[in-house]
Amino acid sequence: MSKPKVELVNGNEAIARGAMAAGCKFYFGYPITPQNEIPEYLSKHLPDIDGTFIQAESEIASINMLLGAGATGARAMTSSSSPGISLKQEGISYMAGSEIPGVIVNMSRSGPGLGGISPSQGDYFQATRGGGHGDYRTIVLAPFSVQENYDLTIKAFDLADQYRNPVMILGDALLGQMKEPIILRDNKPGKFDKPWALTGAKNRKPQFLKSLYLNEGDLTQHNWKLFQKYQQMKAEIQYETYRIEDADMVVVSFGSVARIIKSSINMARDKGMKVGLFRPVTLYPYPEEILRRLSQKVHHFFAVELNTGQMVEDVKLSVDKGSRVDFYGRPPGSIPTPNELFDEIQKVYR
Amino acid sequence: MYFDVIIAGFGGQGVLLLGNLLTYAAMVEGRHVTYMPVYGVEMRGGTANCTVVISDQEIGSPVIHHPVTAVVMNKPSLVRFGAMVQPGGWLFVNSSLIDAAEGDYSKIKMIMVPTIELAAKAGDPRLANMAMLGAMIEETKAITQEAVVKAFKQALDKRYHKMIPINTAAIEEGARFIREGKR
């Protein structure tokens with residue numbers, strides 16, 4: 001076996017490379033910090049594989065270009081950061097309604113409004129509750145390392161095609177800017193039959209993709225179909241556990257905070273405190289059943305987030321009644337250090 | 001093996017390149033490594049810093065509160081990071097630009113490195129960051145000098161490869177400064 005190809009890249013470039021490894025042929029975006037290395041890399045390298053890079057005139061234009069490319073069956077991606085993702089919500093809702101696949105990357109920054117460029121997990125609700133109008137869901141993947149940025153981006157394209165649904169990668173400035181060595185995969189892009197794709201109607205009947213259903217009963221039926229799809233997505237649930245075997249208390253965190261708090265958990269272990277980590281990788285669908293089963297063994301959970309309390313609601317909805325759920329949230333604007341989070345663990349551990 | 005360092009200075013001093021090179025070298029040696037640049041509205045003349053963590057094991061946080069090592073290239077960086085070094089850790093001070101360190105540094109190893117003078121000896125005073133890198137790795141043994149030389153080829157764009165010999169010379173000047181115990 002040949003030696004794996006290892007390269008040192010930052011988190012944003014890892015996403016761009018993951019997209020190319022997944023066979024992404026179209027990228028549409030509008031620049032915004034802290035994710036500009038994604039379009040920077042793709043603008044340089046997509047043409048090498050006969051791909052198309054378009055810097056659109058706005059976020060709204062780029063999400064609708066994504067919708068258009070996805071409708072033809074092509075693999076396509078857009079990326080932005082929080083304020084730009086807000087602008088894309090209408091298009092995401094239309095993609096979900098018309099069952100058009102596509103990958104949307106949110107390297108989130110702090111809000112509300114223009115906020116700042118520091119890392120934040122303030123977009124959890126927006127990402128997992130739909131964001132746009134209507135009763136829809138997007139699959140949401142939350143990487144916590146540069147390698148996962150790469151691997152989960154590859155996976156996002158397969159999931160989008162498999163479920164005919166938009167898939168979101170939810171990272172933040174920390175995950176976009178940090179550099180780590182990554183193993184580049186010799187990936188064969190997944191092949192999916194797309195009989196629904198709009199390819200010109202040569203030698204076949206015309207067909208169309210739409211989200212408008214005006215005949216009585218049609219919309220209800222359509223929404224039931226979407227709901228069933230969201231139920232099936234539970235097969236994709238992914239999570240990581242760390243040192244939970246004998247834990248008295250389990251920290252629940254995702255993304256960059258999960259990364260930082262791993263060090264805090266090691267500090268706590270060194271002091272004899274039995275603390276472990278549960279890290280959801282899929283934020284939608286949320287690993288609620290896994291957490292529920294865990295709560296029959298462990299009765300104390302500690303949700304820690306870089307916001308003032310969003311994912312903690314999913315933790316509370318998942319665990320058995322009688323479980324204690326504590327919360328520590330850091331409003332966006334600064335990055336917590338392992339020592340600071342260790343102090344918070346000490347405060348609630350008993 | 002575990003090592004971490006915060007490297008700080010003003011924009012243009014090559015602080016981020018120093019961190020990048022250290023990261024590449026650790027990768028060349030087959031270690032786990034993370035590099036985290038400060039993320040803000042940095043520009044030339046402003047402040048810049050980065051954190052590098054090197055380990056034989058999987059790395060948790062890429063963000064460090066109390067580093068094992070701090071490298072400060074200018075006075076504001078000394079004020080900000082000097083007091084954060086762990087007891088028993090190292091504080092490398094660019095003595096070409098910083099006269100004396102005020103405050104209590106009795107619990108750490110403070111090492112004054114005349115980076116600009118050392119770099120000038122190697123042929124170019126602008127290579128002060130490389131002289132500092134040489135001194136730091138010689139003292140801490142975080143990585144080998146050979147790994148850094150190998151890393152140059154990966155970290156630098158091809159058009160700068162002709163600069164590798166003089167950069168290597170500046171690193172060696174920094175290392176020699178430590179070996180000869182002139183600090």
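Each chain gets a letter, A, B and so on, in the order the sequences are listed, and its residues count up from 1.
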Self-check item: Residues in side chain to side chain contact (heavy atoms under 4.5 Å, CB included) contact with B/Met1, at least two apart in sequence or another chain
Solution: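 Expected list: B/Phe3, B/Arg31, B/Ile54, B/Asp56.
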
Quiz item: Below 4.5 Å, heavy atoms only, C-beta onward: do B/Met36 and A/Leu174 meet side chain to side chain?
Solution: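 Yes - at least one pair of side-chain heavy atoms lies under 4.5 Å apart.
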
Search all heavy atoms of [X] against all heavy atoms of [Y] and return the closest pair with its distance.
X        : Y        : answer
A/Ile260 : B/Pro62  : CG1-CD, 4.5 Å
B/Met27  : A/Glu7   : SD-C, 4.1 Å
B/Ser61  : A/Ser263 : N-OG, 2.7 Å
A/Lys179 : B/Asn20  : NZ-OD1, 2.7 Å
B/Thr34  : A/Arg259 : CG2-NH2, 3.5 Å

Mark yes when over 12 heavy atoms from residues, nucleotides or ligands other than [X] sit less than 6.0 Å from its [atom1]; otherwise mark no.
X        : atom1 : result
B/Arg126 : CZ    : no
A/Tyr239 : OH    : no
B/Tyr2   : OH    : yes
A/Tyr30  : OH    : no

Self-check item: Contacting moiety of B/Gln154, where chain A heavy atoms sit under 4.5 Å
Solution: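 Neither part.
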
Practice problem: May I ask you to list the residues in residues 65-74 of chain B that approach chain A closer than 4.5 angstrom, counting heavy atoms only, ordered by number? | Solution: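 Hits under 4.5 Å: B/His65, B/His66.
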
Practice problem: Take A/Leu8 and B/Thr23 through the side-chain contact (heavy atoms from CB on, under 4.5 Å) test and state the conclusion after the steps. | Solution: CA-CA 8 Å; A/Leu8 184 71; B/Thr23 308; 3.7 Å; yes

